[in-house]
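Sequence lines set the chain letters: A, B, ... in the order given, protein chains first and strands last, and positions in each chain run from 1.
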2 protein chains.
Amino acid sequence: MIHNNIYFQIELTARKIRQYGQNVLRSHGIDITIEQWLVLNVINDNETTNQIFIGEKLVKDKPTISRMVNQLDKKGFIIKTSSSSDSRQVSLSISKKGKTLIHNLQPIIEGIRLKGLQELSEKESQHIKSILNKIQKNLDT
Amino acid sequence: MIHNNIYFQIELTARKIRQYGQNVLRSHGIDITIEQWLVLNVINDNETTNQIFIGEKLVKDKPTISRMVNQLDKKGFIIKTSSSSDSRQVSLSISKKGKTLIHNLQPIIEGIRLKGLQELSEKESQHIKSILNKIQKNLDT
DNA sequence: TAAAAATAGTTAGCTAGACAACTAAAAATA
DNA sequence: TATTTTTAGTTGTCTAGCTAACTATTTTTA
């Protein structure tokens, strides 16, 4: 049975997380996707980063990052300029509007995180991460 | 740090599973996606099923199922007819070509499954499923 | 230094997933 | 029985993710 399949449960949990998170953001009238939020965060933690770096952090490919960055730029949350040292690269930083958004979103995101993880012991948290890591390593090689 | 985030690891693992699986299928020259394979399997286990049933099994919405079913039909793996008892419903069954595909794919899919789960003890398998289930339940309510 | 290779990013084309709005048929109800 | 409501499925629109192919720089190397 498919519901007893680990892959299926991993994939289903991932979808439910995204869906729940997106609903919460929508209910707050916030115009950003969960994935865009992750990109915004990498930029916030690494001002003047380029897109390759974001891709490495989030383990996503170039076109995906490129489009999400463009969305964030279009929405005015980031500033995208060309790097002075290497004109192939872009230099990304957070706009004032983006800073405000991050500030407002922080507690909401934390709420989403806690909602899913409630009643999960520290041991369980560690355990699931270690098992997921094992699966990933198995598939890498 | 994002890499220490359970949500991120769940989502990343899900992506790596799909990606690995898709690569294996491609390497065998098989023209089907992992998701389409799941749909095909539900139909195989429940001949003359309709799309609502597939959606319930796979926890996906109607448009998603509708489009995947159309792909499978277009590729000739299934036969899609209108239900005689209720003309709103479709009646789906596996074609000869589909039967052959399922037969050939069985060991390949099993190989994909085993690859990711190698060195996972029975206890770990049970444990991760129970934790994932807990997270899902947390988000449902 | 001129040609080749590597790198950063974009564009195009596809599937899946989510939401909203729709059609057509069946079931409920007044 | 006529009308309303529910149900099954489709279509449209958007984002993310993946591959492949492309442009434009920068770096290597012959």
### Message
Could you tell me how far apart A:K16 (NZ) and C:dA18 (C1') are, to the nearest whole angstrom?
### Response
15 Å
### Summary
Assign each of A:R67 and A:D86 the nucleotide of DNA chain C bearing its closest heavy atom; nearer the 5' end lies the nucleotide of A:D86
### Message
Can you tell me if A:Q19 touches the phosphate of C:dA18, counting only side-chain N or O atoms and a distance under 4.0 Å to OP1 or OP2?
### Response
yes
### Message
Looking only at side-chain N and O atoms, does A:S83 offer a donor or acceptor that is under 3.5 Å from a partner on A:D86?
### Response
no
### Query
What stems, by residue range, does DNA chain C take part in, given at least 3 consecutive Watson-Crick or G-U pairs under 3.5 Å?
C:1-30 with D:1-30
### Query
With respect to the phosphate group of C:dT15, does any side-chain polar atom (N or O) of B:K75 fall under 4.0 Å of OP1 or OP2?
no
### Message
Need two values: the first and the last nucleotide of DNA chain D, 5' to 3', having an atom under 4.0 Å from any heavy-atom of chain A.
### Response
D:dT15 to D:dT26
### Query
Distance from B:F53 atom CZ to B:L92 atom CG, nearest 0.5 Å?
11.5 Å
### Task
Classify the nucleic acid contact of B:Q22 as base, sugar-phosphate or nothing, counting any heavy atom under 4.0 Å across all strands shown.
nothing
### Summary
Atom CG of A:L12 and atom C1' of C:dA18 are separated, to the nearest Å, by 14 Å
#### Entry: Whole-Å distance separating the CG atom of B:L58 from the P atom of C:dA16
12 Å
### Task
In whole angstrom, give the distance that lies between atom CZ of B:R26 and atom P of C:dT15.
13 Å
### Query
Going by heavy atoms in the side chains, are A:I2 and B:L58 under 4.5 Å from each other?
yes
### Task
Nearest-nucleotide wise, let me know which of A:E11 and A:P63 is further upstream toward the 5' end of DNA chain C.
A:P63
### Message
Between the side chains of A:D45 and A:K57, is the shortest nitrogen-to-carboxylate-oxygen separation below 4.0 Å, so that they form an ion pair?
### Response
no
### Task
To the nearest Å, give me how far apart NZ (B:K60) and P (C:dG17) are.
3 Å
### Contact under 4.0 Å: A:Q51 side-chain N or O vs C:dT10 OP1/OP2
yes
### Message
For a side-chain hydrogen bond (donor to acceptor under 3.5 Å, both in side chains) check, start with the C-alpha distance between A:K75 and A:Q36, then their side-chain angles and the critical distance, and finish with the verdict.
### Response
CA-CA 11 Å; A:K75 291 175 184 174; A:Q36 287 166 19; 2.8 Å; yes
### Residue that, paired with B:L139, satisfies side-chain contact (heavy atoms from CB on, under 4.5 Å) out of A:I17, A:L117, A:I112
A:I17
## Note on the structure
B:R18 atom CZ is separated from C:dG17 atom P, nearest whole Å, by 8 Å
### Sidechain N-carboxylate O distance under 4.0 Å for B:E47, B:K99
yes
## Note on the structure
From NZ of A:K74 across to P of C:dT10 the rounded distance in Å is 14 Å
### Task
Could you tell me whether B:T64 contacts a base, only the sugar-phosphate backbone, or nothing, with contacts defined as non-hydrogen atoms closer than 4.0 Å?
base
### Task
Could you check how far CD1 of B:I52 sits from C1' of C:dA25, rounded to whole Å?
14 Å
